[in-house]
Structures are given as structure tokens and as C-alpha cells.
Amino acid sequence: FAPYVMSDELTIFYGGIRDGYETWDLYMATRDSVVDPFGNIERLNINSDSVNDAYPFVTEDLSTLYFYTPEGIWMSTAIPEPMTAVILALGGLYLRRRRS
């Protein structure tokens, strides 16, 4: 329920009960092109007992996920893994030194 498709039409977020779980969760699925079916389904895990929870909205850069529950609107932000953060920082240093 409540599907949210990104503007490139390659990623979809939706709520549902799948794969033997007994609670409602948010899911994300991707595809390689707009003519392909969605696959690569990933459970984002909110574990709710209510069908009314979820209703996802995601920012275009995929950095922030918003979803609704009766308790309010929730926000989840992407935090890079430690190694990703180190690589990004080193890359930034390299580019700064190269421009100098």
C-alpha cells in the first residue's frame, strides 16, 4: 500500500506485510530500467501492527525517508558507513590539494 515512486521511476517505496512477517513494514525495491519489473526488495523495518502506518516519502537524493504513524511523522536519515565517510573525506582532501 501507499507506493511512492522516485522521479527516475527506478526505485519504489511502499508499505506491506511480506515474507512471513506479521507486522507492517516499509519496503524499497529497485529496477534497472522503467520497462523492467521492480525487484531487489529490501525490508526497511518499522514493525507496526497498523495498516495506517508508513506512507513513505523520500527526498530525491535518497538521504531522508519520512513516514507517518498515528504517533506522528517520523524521519530517518542516511548515515554513511564509517569506511564510506573516510573515503569521501580522503577524496575531498585529494581534490583540494590537486586544485592548489
Side-chain angles (χ1 to χ4, degrees):
F1 72 95
Y4 179 80
V5 179
M6 300 300 294
S7 63
D8 65 4
E9 299 181 30
L10 300 178
T11 304
I12 188 171
F13 293 84
Y14 62 93
I17 297 176
R18 297 180 41 94
D19 304 326
Y21 291 103
E22 296 180 5
T23 58
W24 290 89
D25 289 300
L26 286 176
Y27 291 87
M28 177 181 80
T30 58
R31 59 185 176 180
D32 292 328
S33 75
V34 296
V35 296
D36 292 328
F38 285 104
N40 306 313
I41 299 169
E42 182 179 343
R43 181 174 173 247
L44 302 178
N45 194 9
I46 62 167
N47 293 321
S48 174
D49 292 327
S50 173
V51 68
N52 295 318
D53 293 0
Y55 297 95
F57 172 81
V58 182
T59 57
E60 281 300 314
D61 64 0
L62 297 178
S63 68
T64 307
L65 165 69
Y66 296 91
F67 60 94
Y68 166 82
T69 72
E71 289 78 30
I73 296 173
W74 299 88
M75 178 181 79
S76 177
T77 57
I79 299 172
E81 296 176 11
M83 198 57 182
T84 303
V86 169
I87 291 168
L88 290 171
L90 290 174
L93 283 173
Y94 173 76
L95 289 174
R96 277 191 291 248
R97 285 185 181 173
R98 205 164 163 202
R99 290 183 196 163
S100 302

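Along the sequence shown, residues carry numbers from 1.
- Pro37 and Arg31 get closest at one heavy-atom pair: O-CB, 3.4 Å.
- Scanning both residues, Asp61 and Thr64, for their nearest heavy atoms gives OD1-N, 4.5 Å.
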Next item on the list: Step by step, work out the side chain to side chain contact (heavy atoms under 4.5 Å, CB included) result for Leu10 and Val34.
Entry: CA-CA 6 Å; Leu10 300 178; Val34 296; 4.2 Å; yes
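- The only member of Phe38, Tyr4, Tyr14 that meets ring-ring contact (aromatic ring centres under 6.0 Å, His included) when paired with Tyr27 is Tyr14.
- Remark: Ile12 CD1 to Met6 CE distance equals 11.5 Å, nearest 0.5 Å.
- The cluster map of Ile, Leu, Val, Met, Phe, Trp and Tyr, joined by side-chain heavy atoms under 4.5 Å apart, puts Val35 and Val5 in different clusters.
- Between Ile41 and Ala29, the closest heavy-atom pair is CG1-CB, 3.9 Å.
- Rounding to the nearest 0.5 Å gives a distance of 10.5 Å between CG of Asp36 and OG1 of Thr30.
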Margin query: Using the rule given for side chain to side chain contact (heavy atoms under 4.5 Å, CB included), can you reason through Thr11 versus Val58, listing the C-alpha separation, both sets of side-chain angles and the distance that settles it, and then say yes or no?
Written below: CA-CA 10 Å; Thr11 304; Val58 182; over 6 Å; no
